[in-house]
Amino acid sequence: MNHSLVNWFKFASPASFYPLAGRLIPFFTAAAVLLLAAGLWLGLLVAPTDAQQGEGYRIIFVHVPASWMSMFIYCVMAFWAALGLSFNTRLSGMMTSALAPTGALFAFLSLWTGALWGKPMWGAWWVWDARLTSQLILFFLYLGFIALQAAIDDPRRADKAGAILALVGVVNVPIIYFSVQWWNTLHQGASVSMTKAPSMAHTMLLGMLLMALAFWAYTIAVALMRVRCIILERELTSEWVKKNAME
Amino acid sequence: MSRFLSPFIQSVRRDLLLAARHKTEIVTALFFFVIVVNLLPLGIGPDPDLLRKIAPGALWISALLATLLGLQRLFAPDHADGTLEQMALSPQSFTLLVAGKILAHWLVAGLPVVLIAPVLGLQFDLSGRSLLILTVSLLLGTPILSLIGAVGAALTLGVRGSGALLSLLILPLYIPALIFGAGAVEADLAGLGPDGHLSLLAALLVVSAFFAPWVATVALRVALE
Amino acid sequence: MLSVSHLTCQRGERVLFQDLSFELPESQWLQIAGANGAGKTSLLRILSGLSEPVDGRITWNGSPVREDREAFHADLLYLGHQGALKEELTPLENLTLSLGMEGFNVSEDAAMQALHQFGLHGREHLPVRFLSAGQRRRVLLCRLLLRPARLWILDEPFTALDVHAIGFLSRLIETHLREGGSAVLTSHQSMTLPPGLCVTL
Amino acid sequence: MQWNSLSDFLAMGGYAFYVWGSFGACALGMVIEIVILKQRRRAIMARLSRKELSQ
């Protein structure tokens, strides 16, 4: 085993990751606050009114970043899950479960803001479009993951079962998306063309990007906070917790 | 080759023999399927045009629910009496034994549904051609339900409230099979031909037959720890 | 040879045993002693490769048991304290089917003979749910006669057996040891076996 | 700056309910998540100090 691998495994142990996470949280929190302020300022105050959608389009500044994050977080969970199953590191499972509630929150927010956007623009809270449907299913996958982990008492088993489910889910999401799209073209239901994005002004694009980065920093900060809680809960009896955790 | 397959065949034989000693369970699942299918016209109305339209979806969703009913008992009894442990300790491939159990589950829970579906299709006034396509889609699709369901059954084995949890985990994963299966008949009626849907369903079957027993085995080993 | 080094087992927040090491050479048997809840069954499940220890290594003839499972399981016969019998099937069906799934095709005659040796005349075709606890145990123990294995791991093998069956089983274990096999047992009964190794948890 | 007055800004060109409903839900969701996490941490710390005292 070479030196860098040893080093890596050192940080993969909960005891050494706990203080590292503690040092990273303020950094990501500050980043989230600054980016959020800049993104909101650009999105709500500076960006021009859209020619077709008026001011209603401003929902895009939370809707699109929330949707991106919900999908991205599931992929990150699958990454940790694969790592946990192949190297049997305890931290991976904790990271997977730390990310899930935030991912579920973003999936829910994406649906919620999507409905609020859809009502004034298409005249319906919900249409059976491929993206909306897959997003809803992604939300169900998050709920399933959280429910499965909550139902299993032994943390090691909960981690492994959750990891398997996350990997099965990540393989299935594209298949589900494809099948719903296929279904949609056959039925020619609500003809909503979301691909035809209004030619976006640079300020809009920049605003959206800043909001996405803000959500990203927020996710990292919150996930680190949660993983610290999970580490403490699981290792409450160990020596290092007694010595070091009570700052 | 036969030596390699013999544990698989023994596993199928054992589960079929056990099912034969529990005839009521098979009949209950089948009866559940028939009742759910028959409830739909009562809830929606007897308009033949409407019924013809919803028939594939109705039969497919009922098949999905009927499969779910049997899945909870796929591994649970073997887990409870310790025989699953013995299978996990077999010098033969545990995955093959699990695959055998899944096949047996389909033969007991899926195949009867496929066989009775054309009769129920008649109640929905489907044409002969639609009936044939529907039956083929169920024949290709119900094994997928057993295969993916086995992963869920293995993940929730011995867990509190496993029944409801199993539905929550598995039903979203059933969506592609439902769409391609029920869609085949509608595509045919729309003049597109059922081939596209049926070949996608077949592809889904091949992929899940390849991966699902293996994933279920990994999940079972986790559950046995 | 089964060799165990620095084994640690944890259930929930409680550590059951720590840094356990021993070796079990051929023709030897090992008794695992300990109070209720000390982790005897957990240890057996770890030795068989069913559970994973928190820490430590188990090797069989030099290779880790959870890596080449199938090779290890070919040498292993594990009887847990659960019945591992199907209530709906007869003893004969139970034996032939479960051994068949493990790749040992046992003829009905051989299975019948094993059942007779364990004193189960006339019960061969009765569903297992009609048998008493001791009789079920004996059906399970017939596997010792029918399935060749070099390492036996038996959890409380003498429970529910009468004097005759205990004697028969003890002789069976002795023969197994003489032929170069090895065995790991947990038991509360006083045993009539030749002296073996002992690990107390 | 796009807006002439605060009331203009709040009205969002007639889309106030939809726009503020979206932004509000996001803010609420994030604040609730953080509050829950803080409470969880406080509960763990309380458990830890109880342990400390009992020893």
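Predicted model, so just to flag it, every value in this text is computed and none were measured. Chain identifiers are assigned alphabetically (A, B, ...) following the order of the sequence lines, protein sequences preceding nucleic acid strands; residue numbering begins at 1 within each chain. We use all heavy atoms of the structure for the numbers below, so side chains are in, but hydrogens, waters and symmetry mates are not.
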(request) Please flag which part of B:Leu155 lies under 4.5 Å from any non-hydrogen atom of chain A: side chain, backbone, both or neither. (result) both
(request) Report yes or no: does A:Tyr142 contribute a side-chain atom to a donor-acceptor pair with the main-chain N or O of A:Tyr74 at less than 3.5 Å? (result) yes
(request) Please look at B:Val207 and chain A and tell me whether the side chain, the backbone, both or neither of the residue comes under 4.5 angstrom of a heavy atom of that chain. (result) neither
(message) I'd like to know if the side chain of A:Arg226 pairs up with that of A:Thr102 as donor and acceptor (distance under 3.5 Å, no hydrogens or angles considered).
(response) yes
(request) Name the option with the most non-hydrogen atom pairs under 4.5 Å to chain A; the candidates are B:Val215, B:Leu157, B:Leu178. (result) B:Leu157
(request) May I have all residue pairs that pass side-chain hydrogen bond (donor to acceptor under 3.5 Å, both in side chains) and include part of residues 58-71 of chain B, sequence neighbours excluded? (result) B:Trp60-B:Ser137
(request) Return the option, out of A:Leu148, A:Thr133, A:Ile137, with the maximum number of heavy-atom pairs under 4.5 Å with chain B. (result) A:Leu148
(message) Need one label for B:Leu171: side chain, backbone, both or neither, based on atoms under 4.5 Å from any heavy atom in chain A.
(response) neither
(request) Sort out for me which of A:Gly162, A:Gly169, A:Ala151, A:Ala161 touches chain B most, counting heavy-atom pairs under 4.5 Å. (result) A:Ala151
(message) For a quick check under 3.5 Å, do A:Ser110 and A:Ser67 share a side-chain donor-acceptor pair by atom type?
(response) yes
(message) Centroid separation under 6.0 Å, is that true for the rings of A:His63 and A:Trp112?
(response) no
(request) Pick whichever of A:Val173, A:Leu141, A:Leu165 has the most heavy-atom pairs under 4.5 Å with chain B. (result) A:Leu165
(message) For B:Ala223, which atoms come within 4.5 Å of any heavy atom of chain A: side chain, backbone, both, or neither?
(response) both
(request) Enter the distance from B:Ile116:CD1 to B:Leu59:CG here, rounded to the nearest 0.5 Å. (result) 10.5 Å
(request) Check each atom of A:Ala163 against the heavy atoms of chain B and say whether the ones under 4.5 Å are side chain, backbone, both or neither. (result) neither
(message) Once side-chain hydrogen bond (donor to acceptor under 3.5 Å, both in side chains) is applied, what residue pairs with a partner in residues 93-106 of chain B remain, sequence neighbours excluded?
(response) B:Asp15-B:Lys101, B:Asp78-B:Lys101, B:His105-B:Ser146, B:Trp106-B:Thr142
(request) Sort B:Leu204 into side chain, backbone, both or neither according to what part of it lies under 4.5 angstrom from a heavy atom of chain A. (result) side chain
